[in-house]
Novice: 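Let me begin by handing over the structure; questions about it come next.
Small disclaimer: the values here were computed from a predicted structure and weren't measured.
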Amino acid sequence: MSVDVTTAATALRAQWDRLHDWVDLMADPRLGREPSVLEGWNVVELWAHLGRAMDALAVCTPTPEGTLPLTLGEYLGSYPDRADDIAETTRRLAAEHAADPVGYVTASARAALAALDTLGPGDPVVQARRGPVRLSTMTVSRVLELVVHGDDLYRSVRRARSADAVPDPVDPAALALVADELLTIVRARGGWDLEVVDARRWVRLAAGRVPYDVDELALALQARYTSDAVPDLGRMLPLL
C-alpha cells in the first residue's frame with residue numbers, strides 16, 4: 001500500500017462528512033425511489049449501500065499473527081463475483097431502514113470509524129468479509145466505496161433535478177487518493193509509468209461507471225514521459 005492508515009482514515013472521515021452534509025442539504029426527494037445511474041438500483045438503495053460498505057469496516061477483527069493479507073487489487077477483484085449478493089443485500093437493507101435511511105447509514109459510519117480507531121493506529125492485518133487485508137487497505141477500500149457511490153448519487157440526483165441545484169458530495173482529496181490507488185493497481189499489473197490528469201474521469205473509467213473508450217482514457221491519464229503513450233487498458237478495466 002502506498003497510503004498509511006492515518007492518511008486513509010483522514011480521507012475516509014472527510015469523505016463521510018461531506019456525504020453526510022450533502023444528504024442533509026438535498027432534502028426530499030434526496031432519497032427517492034427514482035432509478036439511479038446504476039441499472040436496477042434506485043436512489044434510496046444506492047444510499048443504503050453506503051451503510052453496507054461502512055458495516056464491512058465495522059465488523060473487521062484482528063487476525064492471527066502471520067496471516068498473509070490480500071492486496072487492494074486482489075480485494076477489489078472479488079467484487080464482480082459477489083455482484084448479485086451485494087445487490088440482494090442492499091435491497092434488503094434499504095427495505096429494512098426505509099423509515100430512516102439517513103439514520104441507518106450514519107450509524108454504520110460511526111461504528112466503522114470507531115472500529116478504525118480501535119484497530120489502529122498501526123496497520124495490522126484484519127479479517128474482512130472478503131478475506132484478510134491490512135487495515136490501511138480496508139480503509140482505502142471504504143474511501144473508494146464512498147467516493148464512487150458518492151459520485152453515483154451525484155449523477156443520479158443531477159439527472160432528476162436542476163444540475164446547478166445539486167452540490168458535489170465527493171471530497172477532492174478523497175477523490176485524488178482513490179484515483180492514485182486505482183492507478184497504482186494498473187501500474188503494478190502492467191509496469192506503465194502513468195499519472196492521473198483527470199481524477200474523476202479516471203475513477204469513472206476504472207470503476208466501470210462509463211463505457212471504456214481510448215479517447216476518454218487519454219483525457220484521464222497521461223504517460224509521465226512525453227516519449228511514451230498511454231496504453232490501451234481495455235482488457236484490464238474495470239478494476240472492480
Novice: How long is the span from the CZ atom in R155 to the CG atom in L38, to the nearest 0.5 Å?
Specialist: 7.0 Å

Novice: Do R129 and S78 have side chains that approach each other closer than 4.5 Å (heavy atoms only, starting at C-beta)?
Specialist: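 With C-beta onward as the side chain, the pair stays apart.
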
Novice: Decide whether M236 and V148 are clustered together by the hydrophobic rule: side chain heavy atoms of Ile, Leu, Val, Met, Phe, Trp, Tyr closer than 4.5 Å, transitively.
Specialist: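 Result: yes, single cluster for both.
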
Novice: Is it true that R200 and D151 have a side-chain N and a carboxylate O under 4.0 angstrom from each other?
Specialist: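 Salt bridge flag = yes for D151 with R200.
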
Novice: Out of V178, D198, L239, V210, which one pairs with V203 under the side-chain contact (heavy atoms from CB on, under 4.5 Å) rule?
Specialist: V178

Novice: Taking all heavy atoms of S136 and all of A8, pick out the closest pair and write down the distance.
Specialist: O-CB, 4.3 Å

Novice: Atom CZ of residue position R110 - does it have more than 12 heavy atoms of other residues, nucleotides or ligands inside 6.0 Å?
Specialist: no

Novice: Shortest non-hydrogen contact from L70 to G131?
Specialist: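 Of all heavy-atom pairs spanning L70 and G131, the closest is CD1-CA, 4.2 Å.
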
Novice: Between L221 and W192, does a side-chain contact (heavy atoms from CB on, under 4.5 Å) hold up when you go through it step by step?
Specialist: CA-CA 11 Å; L221 303 177; W192 301 290; over 6 Å; no

Novice: Check whether any side-chain heavy atom of L76 lies under 4.5 Å from a side-chain heavy atom of L182, and answer yes or no.
Specialist: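 Heavy-atom side-chain distance check passes, below 4.5 Å.
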
Novice: What's the separation between atom CZ in R142 and atom CE in M54, rounded to the nearest 0.5 Å?
Specialist: 8.5 Å

Novice: Do H149 and D152 have side-chain atoms, one donor and one acceptor, less than 3.5 Å apart?
Specialist: yes

Novice: Working to the nearest 0.5 Å, report the span between OG1 of T139 and CG of D123.
Specialist: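 Going from the OG1 atom of T139 to the CG atom of D123 covers 8.0 Å.
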
Novice: Within the 4.5 Å heavy-atom criterion, are H49 and L153 side-chain neighbours or not?
Specialist: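 When only atoms from C-beta onward are counted, L153 and H49 do not touch, as no gap falls below 4.5 Å.
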
Novice: Could you tell me whether the side chain of L25 reaches within less than 4.5 Å of the side chain of P167, counting heavy atoms only?
Specialist: yes

Novice: Are V126 and V59 connected in the hydrophobic side-chain network, where two residues link if heavy atoms are under 4.5 Å apart?
Specialist: no

Novice: Rounded to the nearest 0.5 Å, what separates atom CG in D85 from atom OG1 in T90?
Specialist: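 Spacing of CG (D85) from OG1 (T90) equals 9.0 Å.
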
Novice: In terms of side-chain geometry, is the basic nitrogen of D117 or R13 positioned less than 4.0 Å from the acidic oxygen of its partner?
Specialist: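 Looking at R13 together with D117, the answer is yes, because their closest N to O distance falls below 4.0 Å.
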
Novice: What is the distance from atom OG1 of T184 to atom CG of L194, rounded to the nearest 0.5 Å?
Specialist: 10.5 Å

Novice: Any side-chain heavy-atom pair from H97 and V105 closer than 4.5 angstrom?
Specialist: no

Novice: Kindly indicate whether the side chain of I185, heavy atoms from C-beta on, has any atom under 4.5 Å from the side chain of T71.
Specialist: no

Novice: Where do E195 and A223 come nearest, in terms of heavy atoms and distance?
Specialist: OE2-O, 4.5 Å

Novice: Looking only at heavy atoms, which two atoms of P132 and T67 are closest? And how far apart?
Specialist: CB-CG2, 3.6 Å

Novice: Using side-chain contact (heavy atoms from CB on, under 4.5 Å), reason through L205 and E216 one step at a time and then give a plain yes or no.
Specialist: CA-CA 8 Å; L205 281 167; E216 279 290 297; 4.1 Å; yes

Novice: Please check if L119 and V125 belong to a single hydrophobic cluster, counting links between Ile, Leu, Val, Met, Phe, Trp and Tyr side chain heavy atoms closer than 4.5 Å.
Specialist: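 In one cluster with L119: V125, no.
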
Novice: What are the two closest heavy atoms between P169 and G150, and how far apart are they?
Specialist: CG-O, 3.3 Å

Novice: Against the six-membered ring of Y104, is R52 placed for a cation-pi contact (under 6.0 Å from the centre, within 45° of the normal)?
Specialist: no

Novice: L237, V214: one ILVMFWY side-chain cluster at the under-4.5 Å cut-off?
Specialist: yes

Novice: Check whether any side-chain heavy atom of W16 lies under 4.5 Å from a side-chain heavy atom of T106, and answer yes or no.
Specialist: yes

Novice: Using side-chain contact (heavy atoms from CB on, under 4.5 Å), reason through E88 and D84 one step at a time and then give a plain yes or no.
Specialist: CA-CA 6 Å; E88 181 180 348; D84 291 341; over 6 Å; no

Novice: To the nearest 0.5 Å, what is the distance between OH on Y75 and CG on L240?
Specialist: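 Nearest 0.5 Å value for the OH-CG distance: 12.0 Å.
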
Novice: Is the backbone of D168 close enough, under 3.5 Å, to the side chain of R18 for a donor and an acceptor to pair up by distance?
Specialist: yes

Novice: Using side-chain heavy atoms (C-beta onward) and a distance below 4.5 Å, is V170 in contact with Q15?
Specialist: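 When only atoms from C-beta onward are counted, Q15 and V170 do touch, with a gap below 4.5 Å.
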
Novice: Identify the two heavy atoms, one from R201 and one from A220, that lie closest to each other, and give their separation to 0.1 Å.
Specialist: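 Answer, listing the atom of R201 first, then A220: CD-N, 3.9 Å.
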
Novice: Cluster question for you: counting only ILVMFWY and a side-chain heavy-atom cut-off of under 4.5 Å, with indirect links fine, are V5 and V3 together?
Specialist: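 Yes, V5 and V3 fall within the same hydrophobic cluster.
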
Novice: Is there a side-chain contact (heavy atoms from CB on, under 4.5 Å) between S156 and V37? Walk through the geometry before answering.
Specialist: CA-CA 5 Å; S156 299; V37 295; 3.5 Å; yes

Novice: Could you point out which residue of D180, L217, V197 forms a side-chain contact (heavy atoms from CB on, under 4.5 Å) with W202?
Specialist: L217

